[in-house]
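A quick write-up on the structure given underneath.
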Amino acid sequence: MPFSSRVFRPVRWSVAPAAGLLLMSCSAPAQRVASAPPAAIRPDSTVLVAAGPQYERGAVHRFFWGTHYRALWALPVTAPVFNLRTAVPGGLTPIREGGSFQTKNLRLVDRNGVQYVLRSVDKDATKALPEGLQQGPIGRLMKDQTSVIHPYGAYIVPPLAQAAGIYYTNPRLVYVADDPALGEYRESFGNALYLFEERPEGDQRTVGSFGFSSQVVSSRQAFTNLVTSSQYQVDARQYLRSRLFDMWLGDWSRREDQWRWASFPAAGGSTVYRAIPRDRDHAFFKFDDGLLTHIIGWVKPNYQSFHEKIRLSDVEGLNSAARPMDKSLLPYLTRQDFQQIADSLRGALSDDVIARALAVWPREVQQLGADEFTRKLRSRREQLPAVAARFYELLARDVELPGTDEAERFVLEALGPRQVRVQVYRLTPQGATLLQQRVFHSPETRSIKLFGLGGNDAFELRGDPDPRFKIGVYDGAGQDLLEAASAPARPRSRLTVYDNADGNTLRLGKTAVEKYQPRAEEFDGAGWLLRHRLY
């Protein structure tokens, strides 16, 4: 789908004659601008500056701890000086410092209340360590491994995402000087390279890359609504398209906080969410090119490097960070859905699209890395159908189907050998409305779990499910009805109802029933959020 992005007010960047001493030549020590900036850098200047010359290392260190993207971190690139007064009409005001344990962020707001963010290009993961270790050898080594990240990877994502038909942020590479407009943040944020982009939150009706949504919400808000009421749904096909795009980029760090959700009105007063991926710090990750980092990669299979080939054996590790979300949001899509979306994505990411995206990089970065990335992106694109098939197989093995805190009716029906169908209905005083359904097949699916979560739910078991399926029914909170429509010829040895004895009605014949004490992380609405690190 075509997107148009918010148009920033043009700023004239030029090298002023009076600023000549402010700029570095490629032969000058790369750290001079970052460590000892001149007294005045004009806000209409450009600077030549390296993102991280401190990551340069000798041959022995590189042998053990990897070459990574050290050459790119040490490469001086031309970047415009960021002017808070002219970046958008009316200027920007800093309001809040933030960020994760790696990235330093400064939140900005314009005169209309629209928020933006400056995110540091350089990272510092040592903040995750105890204070006593941050300055020691462990902290120094951890800081050194920032070089696994491509410092300019995020900037080529928007044209690729636009062609792919998914949502995206619009980062720009800027240099923040010692600007008085930073106010109280001047000392901690001046004299460094940053990524400048819109903050995907709130009313974004003017931003095409967020779908012109009038309400963009966090994962915490979206998942709270998803477990509160079935009136909230996620566009699963659009989310899957975004996830396959992640795999193409080698972006393995896709946990819940890496997403925002554009909301749109749907039929019957309901709301549909569409995914907005953000924070592409770990796209194009390069980790396993050192002896010791290669060994660490065996222990941490999620640390997947951006190679020319996506090994199918690595697909599980590549997606481990997002696995809770994937299992919750994709269980009703079929193998055919996965293949259709992969084929469509492969067709959309043409050679011309890749070339235009790489042209976004600073000229210096293009000269060093464009050929490598052209080759890798083209090769990985052709593997998307096979990767999608493997991704489907991993998710189809063990399926979890949650309801909401409202009343639902789950119908589990045996269709014959190796097949079982699950249907989920929304229950209202006006009747039942079908929400989701899917036929599961053995041997690709080995277990199915149904979670009632809250509300007075009904579970109906029809027929005798094939014993190749291991099926668990978890009643959750509320007074639920669990019944078998017809008595099976033999006990359902592979179907178990887990009853927490809170006033449920059981009409199950010979179906195995086990008593259990609900655990917070598994069987109620709050627990479902806890599973997603959102509660």
Side-chain angles (χ1 to χ4, degrees), residues 22-38 41 46-79 81-82 99-106 118-155 173-178 186-195 280-293 296 303 305 361-362 364-365 367-369:
L22 310 181
L23 309 180
M24 289 173 43
S25 68
C26 291
S27 60
Q31 65 270 28
R32 285 180 59 188
V33 168
S35 61
I41 297 180
T46 59
V47 295
L48 192 62
V49 59
Q54 68 272 19
Y55 299 121
E56 288 189 296
R57 292 291 187 274
V60 173
H61 185 95
R62 295 197 309 272
F63 174 80
F64 286 103
W65 293 106
T67 298
H68 305 333
Y69 289 111
R70 298 180 192 277
L72 277 172
W73 282 97
L75 178 70
V77 301
T78 303
V81 176
F82 187 67
S100 65
F101 65 85
Q102 291 190 62
T103 304
K104 185 168 64 172
N105 289 358
L106 183 62
L118 287 167
R119 300 178 59 246
S120 60
V121 172
D122 198 6
K123 314 295 177 186
D124 187 1
T126 62
K127 296 175 185 177
L129 295 172
E131 189 173 345
L133 297 178
Q134 292 181 11
Q135 302 302 321
I138 294 176
R140 290 193 294 271
L141 183 59
M142 197 168 180
K143 183 70 172 75
D144 171 73
Q145 290 301 298
T146 298
S147 56
V148 303
I149 297 171
H150 194 299
Y152 309 107
Y155 306 103
L173 178 66
V174 298
Y175 180 81
V176 176
D178 184 21
R186 182 176 178 180
E187 182 176 350
S188 57
F189 280 85
N191 303 312
L193 283 171
Y194 290 89
L195 173 156
R280 291 295 185 181
D281 288 344
H282 291 91
F284 317 119
F285 200 72
K286 187 185 287 189
F287 183 74
D288 62 358
D289 56 350
L291 176 61
L292 296 179
T293 55
I296 293 170
Y303 287 1
S305 292
W361 270 339
E364 301 87 352
V365 178
Q367 292 172 348
L368 193 61

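Quantities reported herein were computed from a predicted structural model and do not represent experimental measurements.
In this structure, the side-chain contact (heavy atoms from CB on, under 4.5 Å) partners of Arg140, at least two apart in sequence or on a different chain, are Pro137. In this structure Asp288 satisfies the side-chain contact (heavy atoms from CB on, under 4.5 Å) test together with His294, Ser305, His307, sequence neighbours excluded. Every side-chain contact (heavy atoms from CB on, under 4.5 Å) that Phe64 has, sequence neighbours left out, goes to Val60, Leu291, Leu292. Applying the ring-ring contact (aromatic ring centres under 6.0 Å, His included) criterion to Tyr69, with sequence neighbours excluded, gives His150. Every side-chain contact (heavy atoms from CB on, under 4.5 Å) that Thr293 has, sequence neighbours left out, goes to Trp65, His68, Gln145, Phe287. Remark: Tyr303 pairs with no residue by the side-chain hydrogen bond (donor to acceptor under 3.5 Å, both in side chains) rule, at least two apart or across chains.
With rounding to the nearest 0.5 Å, the separation of CD1 in Ile149 from CZ in Arg280 is 14.0 Å. Note that CZ of Arg119 is 5.0 Å distant from OG1 of Thr103, once rounded to the nearest 0.5 Å.
Proximity of Phe82 to Leu118: side-chain heavy atoms (C-beta onward) are separated by under 4.5 Å at one or more points. Within the 4.5 Å cutoff, the side chain of Val121 has heavy atoms near those of the Pro151 side chain. For the pair Lys104/Phe189, a side-chain contact is recorded, criterion being any heavy-atom separation below 4.5 Å from C-beta on. Put simply, the side chain of Thr78 does not reach to within 4.5 Å of the side chain of Pro362, judged on heavy atoms.
Minimum interatomic distance between Ala51 and Tyr152 (heavy atoms only, all atoms of both residues): CB-OH, 3.5 Å. When all heavy atoms of Trp73 and Ser147 are compared, the closest pair comes out as NE1-CA, 3.5 Å. Across all their heavy atoms, Asp178 and Asn191 have their closest contact at N-OD1, 3.5 Å.
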Chi angles and distances behind the side chain to side chain contact (heavy atoms under 4.5 Å, CB included) call for Leu193, Val174: CA-CA 6 Å; Leu193 283 171; Val174 298; over 6 Å; no
CA sep, side-chain torsions, deciding dist, call: Val365, Leu72, side chain to side chain contact (heavy atoms under 4.5 Å, CB included): CA-CA 7 Å; Val365 178; Leu72 277 172; 3.9 Å; yes
Audit row: His61, Asp144, side chain to side chain contact (heavy atoms under 4.5 Å, CB included) steps and yes/no: CA-CA 10 Å; His61 185 95; Asp144 171 73; 3.0 Å; yes
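Between Asp281 and Lys123 there is a salt bridge, with a side-chain nitrogen of the basic residue lying less than 4.0 Å from a carboxylate oxygen of the acidic one.
Every pair tested for salt bridge (charged side-chain N to carboxylate O under 4.0 Å, His left out) that includes a residue from residues 59-68 fails, sequence neighbours excluded, so the list is empty.
None of Arg57, Gln54, Lys286 except one satisfies the side chain to side chain contact (heavy atoms under 4.5 Å, CB included) rule with Arg70; the exception is Arg57.
A donor and an acceptor atom, one from each side chain of Tyr55 and Asp122, are located under 3.5 Å apart.
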